Protein chains: 2
Amino acid sequence: MLNLIELEQFVAFADYGTLSKAAEHLNISQPTITRSMQHVEDAFGVPLFIREKNRITLSPTGKKAVSCVRVLLATSRDTVDQVPRYHKSLHSVTVESCAPAPLWTVLPELSSHYPDMSISSCIQNPDDILNHVIAHTCDIGILPYPVESKGILCTPILKEALSICVRPGHDLASMERLTFSDLNGFNFLLRSEIGFWDAMCRKTMPASKFLVQTDDFAFQELVYESTLPCFTTNLAADNSGMLQGRIVIPITDPEATVTYHLILSANKSNAFRGFLRKYSVLPY
Amino acid sequence: MLNLIELEQFVAFADYGTLSKAAEHLNISQPTITRSMQHVEDAFGVPLFIREKNRITLSPTGKKAVSCVRVLLATSRDTVDQVPRYHKSLHSVTVESCAPAPLWTVLPELSSHYPDMSISSCIQNPDDILNHVIAHTCDIGILPYPVESKGILCTPILKEALSICVRPGHDLASMERLTFSDLNGFNFLLRSEIGFWDAMCRKTMPASKFLVQTDDFAFQELVYESTLPCFTTNLAADNSGMLQGRIVIPITDPEATVTYHLILSANKSNAFRGFLRKYSVLPY
DNA sequence: TGATCTTACGTTTAGCGTAACAATA
DNA sequence: TATTGTTACGCTAAACGTAAGATCA
């Protein structure tokens, strides 16, 4: 009977040329690999080696065996890889969103529908999200626009509208509505990890500078203490009270209002049936 | 690391439903297979079983693992199968002939050209020979006619002409030549293991009876002692002297004279280059 | 002399079966 | 009570590394 550990040593010998070098790379002693090669030869029942006094090389049959064994070991690695991946797919949900806001509602809903599942999420750029959903490395994606792709279900779930927050007395404080072109050139405080909004702000307001804060507490303190304008949306709750005293002015450009769309592979629709029931998911 | 023996036990459990039954079929104790299943589970790193107090079943992940492992074990069996087959193909030549006579010259020639090879031969019917050469389960075939088949080389090598041997005084003894229709109705002594000749005689002389002798000595004694006619050819040497005193009369039907053709797979022509040099092998 | 492979030897590991136990139908 | 799976225990066999031997460049 074949032994996968010995077969690993066998291909290591083929790769490194001598038993000593293979043993060294595998952190085992030379005698061990000598014995293993004898076992492998016994298991195949035909001579695989040309043995000279202090040299051992592969016979033509041995070379054939190496190529067969490489396939076998690849199959073995694939097996060890696939099974845990399958297990994970049964017991976890991965969500990738283009922005944090939709996760605030989607993640709790998933948790309540699938209490035994571990739910993991991350912020990604929209192109990657679509690719990951197609490649099944992600279960549920959230994009700022609809997609039409074969085998992908897509449905709108939420709207988010961007506004600006300024201190009274700021140049813009008296405006009832604003456009990106009005804002272009002003500097802003910006939170990190806001997904596609970051790129959108830099594109629509190229003359502006953005003071990105990674730390949440630091961001809140800066908003509270400084006169720099910042952003908020209809979905953001001001739990820290940092916006108290600030004037919220909506931005009227179409880019400032997005409709989030939930996407998933069509052949996972059954698995997420309960969760999807509240949305009217349509195949494109 | 996976262990193929334990994986065999794993699929046996899947096949037989309980550990006890699997253990029984594999001739091992129950505790052994219990431990093996724990090892397999450890190797995959994810739960494969649903364990109840005195019942163990496969989890969904376990079922997935079983199907993956079946593939792996099939690959393993295939590997163990292919390597010795390859070794054999490097160190042996198999010849299948439609009749014994051509082997008397071809086998010695092969032996002298490839002294390190083991040469095995057998008598087969022509259709099977062609199929075996095409399927590479036979290296060299000898047919009583030429074939045209893609990838098959074919060349004429020998002629064999059938004659009849009778005692002086026999009804046919005075004839200079004969046809199968002249012979039809007479009974004959016939050697076994004469390949296609056997079917040919029965077809061309349906009214005759053939006393087939398996034992070579018995055949010679019968020829020597009886008055029953028998057959010989231009290629048969009468080493035993059994034909002394018999009259040899040629058979003139076209079926009584055959030209043997050597066939082999075109992609083996290089391996048999030395042997083939004496024949002018033409691809059809 | 340094590198290579093999054999010998003693220790340690791990694999197996028997036996005992717990739980179910 | 018969069947099933797990755990405990002791024995055996196999696997390993060190050491020694043999051969070659």
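On a predicted model such as this, the values are computed, not experimentally measured, just so you know. Every chain is numbered from 1 and lettered A, B, ... according to where its sequence line falls, protein lines coming before strand lines.
Put simply, chain A comes within 4.0 Å of DNA chain D, heavy atom to any atom, from D:dA15 to D:dC24, going 5' to 3'.
The aromatic rings of A:H25 and A:Y16 lie parallel to each other, their planes meeting at an angle below 30°, with 60° marking the opposite boundary.
At a threshold of 4.0 Å, the pair A:R191-A:D215 does not count as salt-bridged, since none of the basic side-chain nitrogens sits closer than that to a carboxylate oxygen. A salt bridge links A:D15 and A:R70; the closest N-O separation between the charged side-chain nitrogens and carboxylate oxygens is under 4.0 Å.
At a threshold of 4.0 angstrom between heavy atoms, the contacts of B:Q38 are confined to the sugar-phosphate backbone, with no base atom among them.
The distance between atom CD1 of A:I56 and atom C1' of C:dC5, rounded to the nearest whole Å, is 8 Å. Distance CG (B:N27) to P (C:dT18): 12 Å, rounded to an integer number of Å. Computed from coordinates, the A:L19 CG to C:dT4 P distance equals 10 Å when rounded to whole Å. In this structure, CZ of A:R55 is placed 16 Å from C1' of C:dG2, rounded to the nearest angstrom. Rounded to whole Å, atom P of C:dC5 lies 14 Å from atom CD of A:E41.
Applying the 4.0 Å criterion to OP1 and OP2 of C:dC5, one finds that A:S20 has a side-chain N or O inside that range. Of the side-chain N and O atoms in A:T34, none sit less than 4.0 angstrom from OP1 or OP2 of C:dC5. Contact check, A:R35 against C:dT6: no side-chain N or O comes under 4.0 Å of OP1 or OP2.
In this model, no donor atom of one side chain and acceptor atom of the other lie less than 3.5 Å apart for B:N131 and B:D128.
The side-chain heavy atoms of B:R77 and B:L73, taken from C-beta on, include a pair separated by under 4.5 Å.
Without hydrogens or angle criteria, A:S97 side chain to A:L103 main chain gives no donor-acceptor distance under 3.5 Å.
Residue B:P31 has its side chain nearest to C:dT18 when only C:dT6, C:dA23, C:dT18 are considered.
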